[in-house]
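Just so it is clear: chains get the letters A, B, ... in the order the sequence lines come, proteins before strands, and each one is counted from 1. For the numbers below, each heavy atom of this structure counts, side chains included, while hydrogens, waters and symmetry mates do not.
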Amino acid sequence: MRRVVIGCCALLMCVGCDGELKSYDDPAAPQPDLTTLEDMQSEGGVNLDMMRDATSDSMDMVSDTRDMNASVDDMDSTSDADMAEPDMGPAEIQPRYMDPDYNPNKDFEDAQDMLFSCSGESGPWAYTLARMQRIDRLEWVRNTGNWYLTRDTSTRANLAGTNPFELSVAHGFSTFRQDASVNNGELSQYMNMISEAARGWRGLNSWQRLHVARDRKLNCFYDEASVPDAACIETWVRHYLEYGAFFQPPTDEQVTDWVDFMQDKVLPSEATGQTRQQSIEVLVSTIWMSTPALFRSELAESTAQPDDLGRIKLSDWQIAQQLAAVLGRRAAGSPGVFVNYGSGITLVDGEPMEAGHMVAIRDAARDGSISDPEVIANLIRTYATGIDPERPDLTVDVSPSSREFRGEFWVSEGIQRFFREWLGVDQLSTKFKDSAWATSKYDDLSQFNDDRITHRKINEGYAHLQGEGSYSREPLYIQQLDDMIARVVQSDDAVLENLLTSRTFFTPNGALSSSTNSRGQVPQYVYNIEDEHDGSRANRWRTLPAHERAGILTHPAWLAAHSDNFENGTGIIYRGKWVRESLLCGDINPVEGSIDAKLVSGDGLTARERLRQSTGLLELQEKPQCMACHVEMNPYGLPFEIYNHAGFVRAHDQNSPPDGSSQLPTGSVGGLFVPPELRGLTINSAVDFSTALSQSPHVKRCFIRQTFRYFMARNETPADSCTLKAMEDAYDMNNGSFVEMLVALMTSDVFLYRLQVPPEP
Amino acid sequence: MINRRRFLAGLGLGVASPMLMPLMRYVTANDSSTIPKRVVFVIEGNGIEPVNLLSDKARQRIDTFGAGAIDDYRNFHRKYVHTSPEIVTSDDTLASARALSALGSQNGDVDLQGDAAVLFGLSSLITGAGHTSGYGALTSSRSRGTVPKGESIDCWLARQDSVRGLDPDMDGRGRTPFEAFRAGIHKEMHRQFVYGTSAYGPASPAPILIGAEAAYSFLFSSIAGGSAGRTFQNQGIMLEETLRQLDRTANQFTGNNFERNKIDTYRESLLSIKARREVLLKQHWQDTLTNLPFEGPDTNTLFSSPHPLQRLELHFELATSALLGGLTNVAVIASGSGGGFDINYTDLALPSSLANDLPARHQTHHLAYTAADGFHGNSINLPWAEPLRQVTERHVDLIAKMARALKASTESDGSSTLDHTIIVYMPDNGETHHASGQEWPVLLVGGKALGFKTDGRSVIYPGVAQDDGHRQMSNLFNTLTHAVQAEQPLNDFGDEGLELVEGGRRNAYGPLSEIWQPV
C-alpha cells in the first residue's frame, strides 16, 4: 500500500540527501498533494508526524478492517481486486489529520487515547476473522515430541529442528501468519525430513520412543509378525491423532481416512519387504502433511451458529490450542519425552513430563471447563511464569549442568519469544563487533598487569556469548537478558517500570582463571565485572552501579543488537529508531531508494559528531530531507552513547568524556510529536532516559499495544479499544502486572470469538 | 551402472570411452542456441587464504605495488594500494600457487590453467564477514544468523529461463527437472540437510543436502532401488492422499478468501512436486538417469566414508552427473559454509606431528595464528598453516576433476561443456578465520563460451580504500547474470530484499570487465 513519504527516513542514516520529497496518493484516504516539507508546515499546523502515524495507524486499521469487513453482505470486498480500495470501516475512525483545525499536540493523545477509549462502538469488525495459522519450526519440533532443537543459532538444530517452517520476522511478530502456508520449496524440503515426526512412534523396540506411544493397547500395531486388523489400526490411529498430531479427539471421518489409508495404501507394501517401522513412518509422515497437523484452525465447526454480531465462539479445543500456542509455542498436551531420557522430570505445572506438556490446558478442554474465564485465568497464571531452580521450562533442550548456569526465574516460551521479538535482540547473533572493548575501561590493559588479558581474548570472550558459537556453558547475552526479564515478570510488580529501570542483571562468570565454569576461559567483562567466583546464581545476580546500568535498554544484548561493527557507528540511529517505533509506537519510513545514506568517515570522530555532520542534527534547515526522519530518531538514540557498540560502558569517547546527553524535542519544531511527559526533557544518559520512559503513560500504552499484537497475532485497531482498556485496567489495578494484563486479553471476547465468513461462491 | 572409477579415469585421460557415447550424443542434441548455461558455486566456509591461490607471477606483481613484499604472509590485502585493476596475464603459472597444482598437467591430466582465472581484492563488507557471513556471501547482505535478507545469486540464476529452459515438451525435455542441486558438508555430518548458505528470497532459506543418501535420493530416487526407491514410491502415495484430503477440505471450507488462499497455495505446492515426479518418470529422464555414470550407494564406498572431504567428493560427483545429464544447470557445493565450518578433516596427508593432534577447523585456525620460534602469526611457515592449505588444495582437486569431466564432454558446436559452465570457488567470509571481509579470493574455472576470460590470468583489484578502482563480490555476481544472458541481467545485485543489503555500500555497478566480456 502506498503511503505519504516525507523526506528520507533512514534505516541507516542520511547524508547528501538530494532526492526530492515525494508524496503518493493513498487510495485508502485522500490526502493533500503536499510535495515539500515547507508546504506541509504551511498547512496551518498539519503535523507531519501525526499524518505519518495516523496513516500508519489507518493502514493498520484498513488492513484489519479489510479482513473484518468481509461480512455476508460485503463478500465482494474480499476479492483481490477489491484489496486496492478497502473499506475503512465506520466514519468515526477516519484519520483526523484531514481536519484543517487538527492540533497535533492535542490530537495525538486522542489518537492513542482513542485506542483505549472503549467508547462502546465496537461493531462486528472488532473481531478477528477466523484464521488457519500454520505452525512454525519450533511448534513442529515441540508437537512431534522431538528435542535438541534450535537454540539461539540454527547450527545447533537437530534434524527435526531443520524443518522448513521458519517464519519470517519480516511479518512483524512471528505470531503474525497471515499468509503462511506451505510453498513449493518448503514442501520439497519437508518431504525429505518429515519422517522425523515418526521418531517416537516407530515400534516396540525403538529406543527412542515417546512415553505416550507406550500404551499397551497399541502393541498389536507394532507387531511385525502379523498384519494389524482394522480395529487395531483404528485404536492406534485414534490414539496417535489425539496425542501425537492433532492434539484433540479426532473426528470419525479423520479416523476413517487414516485407517483406510493404512490398510489400502501402506500395508500392502509390506508384502514387498517394507517393514512395519517404515509403514508407520509413511502413515505418520502423511498425517503430518495434513492440514489439521500443520495448521491451527479457528474455523467454526459446521454446526456452530453465529450470534447477533456474527461471531462464533472458538470451541473448547480451539481455545486450548490458542492458549497453548501463544503461551507455550506448542500444542496443549504435546508429547513429553523419549523413554530413554528417563522419568521423574517435573514440568512447570507439577505434572510429570511423561504426561505431556501443558496438560492442564488440554484437560480443561476435555472436561469443558475451559469455557469458564476463571479457568482460563488460572491456566495463564500457571503457565506464564514461575521460579524453580531446576528450570523445568528448559528440561527439553538444556542439560541439567547447563541449567545451573541460568537464573531460577522462568517465563513461558511464548512470553520469552514476545520479549525477544519486541526488543529485537534475535539479530544479535548476526552482528560482528570490531574491538568490542573499544572506548571502555579495557582500552588500556596495563591496569591488569596480566599477560593473559588481551584485547584479542576480550573480543573472543565477547563473541562467544554473542551466539556465533557456544564454546562454554555460560549463558549467551540473549539468555542473560531472558533471565533478567523472567525475574521481573515473575515478580509481576510494576513490570514495565522495572524492566526499564532494574539494576539487577544476570551476569556471566567474568573470570579468566581456571574456573571450570567456563570452558572457554576468556574474560567476560562487558558488565565491568572481573571478579572470579563460583558461578553460583547468587554470584551471577548483580546489582550494577546506578550510573552504569538501568533496565533492559542498558543491557548489552539490546545495545549490541541495535548497533553495528564499530564503536562510533550507527548505534544512535538503530537505538533511537527502536525507541521511536517500539516504545513510542511511532513509524519510521524506509529510506528512499535515491538517497545515499552513509555516515561521513569516522576517523577520530565520535558517533555523535559523525551523525551531526551526516544528517545536520542541529541544522534543521540545512538538510531537511534527512532531518524529517532523523529528528525522530537521533534524540532518542543519543542517550545510549555512554555505551559502545558492544554494550560496554564507555570510559571515554574518542578521548573525550562519554556523552549521553540529549534534548528531547519539544514537539513544536515542525509539529513533530513527542508525548507531553517527554517534551523538552534534558537527558543526561540512558539511565535517566530509561527512568523517564518508564514513567510515561504513553510508553505504557505502547507496551500494551505491542503485547496485544503479539498475543493476538494481529495489529490492534480502534475497534479493539475496549480490550486494550481492559488490559490497561488489569495492569494498573494489579500494580503493573503483566500476567493479569494477559489474563484480561485472553479472557476477552476478542480472543475467544471469531467472525466466520463463508467463501465467495 | 558404469564403474565410477573407470569413467572418471577415462575422462582424465581425455579419452572418450565407449561408455560415454550415449552421454555425448545426448549433450550434443542441443543446437548452439540452446546449449545450456551452467553455473557452479563451490563455497568454502571460514575462509580461503589468498596465499594459497597466489601464483608466482601474481606475487611478483603485488610486490611491485609499493606496500612491501608479501614475503611469508598468508593474507595481504593491505598491499593492494594500486588504484586500478592489475591483470597478470597467462603464463601457465597458476599451478605454481600453493593449492592450485591440480590445475596443471601432472600425471598426464588435461591442463586446466588455460581455463582458469584467479581474482584478488574483491570485498564484501556488507556481509559483516567474521567466522561466516551465513547467507550474506551469496546474497551480498548482512545475513548471518537465521534470516536471509535477500535472494542468493544461485537461486536468482536458477530461475532464469536462459538457465533452466522454458516449459518442457511432452517428453519433459527443454527444461531441467531440478532448478538446482545444492549439497555439501557441515560440522554436523549426521544431518540430512542444513540451511545457512542459499536463499530463495528474504527470510526464505534454501536447503543444502548434507546426507549422502539424501543427496543421492534427491536426484536419483525415481530410479533408485532399495530404501531410497521405496521412499520415492511412498512419497507418491503420500502426495496423493494429501491432495485427496486437501481437496475435500477445500470443498468444505468455511473460512474467508485469505484463509482459502493458504489451502490453494499448499495445493499448488503439492501439485508442483507431483508434476516434477511425473517429469522424472518420463522415459527420457529415466533413460538419462539410468545412463548417467554414477555409482549408487549399494556399491559406492564414498557413501559410507566417515571422512568429510570424501563426502564432499561424493557431492561433487553427484553435481557433475547432474550437470552432464541436464538434470540441472545450477549447482552449489557448500563446504562448511553458513556456520558449519568447524569440521574435523580426518584424511589430510599430514606429518604425524600434526595428524595425531589435528583439531577441528576452528582450533586449527587459531593454532595457525600462534606465533612461535620467530614466525609471525600470519606466516605460511607456521606448521598449522599446512592443514589449511591442504583443505583448499583438496577443494581445488575436486574442482579440477569436475572441470575435466565437463571438458571431456562436447556440445553441438564442438565446444566443451566446460566452456558453457562457470565454476566459482569462493569463501563464505573472506580471507581468513576472523575475516575482515576486505578480500574474498576467487578461483574461476571454465565459462569461455559465456564470455569469461579464464585464460590463466590473475586479476588484482585495488583495496577497499581505493574507492573508484575497488570492486566487490556483488560485481562478480552481476557478471554472472550477464554471462547467462538473463532476460534482465543485473548491475546492482544485492539491492533487493530486506534491510542491510549491498545497496548502501555499493562501490560500482555492473559486471567485471577484467574477467568477462559479452559474447
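Between chain B and the options A:Ser269, A:Ala300, A:Ser290, heavy-atom pairs under 4.5 Å are most frequent for A:Ser269. Note: B:Leu270 leads B:Leu271, B:Thr231, B:Asn261, B:Leu270 in heavy-atom pairs under 4.5 Å with chain A. Per-residue heavy-atom pair counts under 4.5 Å with chain B were compared for A:Asp257, A:Ile194, A:Asn183, and the maximum is reached by A:Asp257. Per-residue counts of heavy-atom pairs under 4.5 Å with chain A were compared for B:Gln235, B:Gln233, B:Arg248, B:Glu179; the largest is that of B:Arg248.
Taking CZ from B:Phe253 and OG1 from A:Thr291, the interatomic distance works out to 9.0 Å, rounded to the nearest 0.5 Å. For the atom pair B:Glu241 CD and A:Leu283 CG, the distance stands at 10.0 Å (nearest 0.5 Å). Note that OG1 of A:Thr286 and CD of B:Glu240 are 11.5 Å apart. Values are rounded to the nearest 0.5 Å.
Using a 4.5 Å cut-off between heavy atoms, B:Glu268 makes no contact with chain A at all. Proximity to chain A is limited to the side chain of B:Thr249, based on heavy atoms less than 4.5 angstrom apart. Looking at A:Trp258, only its side chain comes within 4.5 Å of chain B, counting heavy atoms on both sides. For a residue to count as touching a neighbouring chain, one of its non-hydrogen atoms must lie under 4.5 Å from one of that chain's; by this rule B:Ile237 touches chain A with backbone and side chain alike. Within the 4.5 angstrom heavy-atom criterion, only side-chain atoms of A:Gln278, from C-beta onward, approach chain B. Using a 4.5 Å cut-off between heavy atoms, A:Ile287 makes no contact with chain B at all.
Among all heavy-atom pairs drawn from B:Arg230 and A:Thr272, the shortest one is NH2-O, 2.6 Å. Here the closest heavy-atom approach between residue B:Tyr266 and residue A:Ser181 is recorded as N-OG, 3.5 Å. Closest heavy-atom contact between A:Ser188 and B:Arg276: OG-NH2, 3.5 Å. Considering all non-hydrogen atoms of both residues, A:Arg137 and B:Tyr195 come closest at NH2-CE1, 3.3 Å. Heavy atoms only, all atoms of each residue included: A:Met132 and B:Glu259 are closest at N-OE1, 2.7 Å.
Side chain of B:Ser269 to backbone of A:Val182: a donor-acceptor contact under 3.5 angstrom is found. Between the side chain of B:Lys262 and the backbone N or O of A:Ala180 there is no donor-acceptor pair closer than 3.5 Å.
Within the 4.5 Å cutoff, the side chain of B:Ile263 has no heavy atoms near those of the A:Phe295 side chain. Looking only at side-chain heavy atoms (C-beta outward), A:Asn459 and B:His434 stay at 4.5 Å or farther from each other.
No more than 12 heavy atoms of other residues, nucleotides or ligands lie within 6.0 Å of CZ in B:Arg267, so this atom counts as exposed by the packing criterion.
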Does the side chain to side chain contact (heavy atoms under 4.5 Å, CB included) test come out yes or no for B:Leu209 and A:Asn192, once each step is laid out? CA-CA 10 Å; B:Leu209 296 163; A:Asn192 284 336; 4.2 Å; yes
So B:Asn234 and A:Glu281, side-chain hydrogen bond (donor to acceptor under 3.5 Å, both in side chains) or not? Walk me through it. CA-CA 10 Å; B:Asn234 283 332; A:Glu281 280 184 12; over 6 Å; no
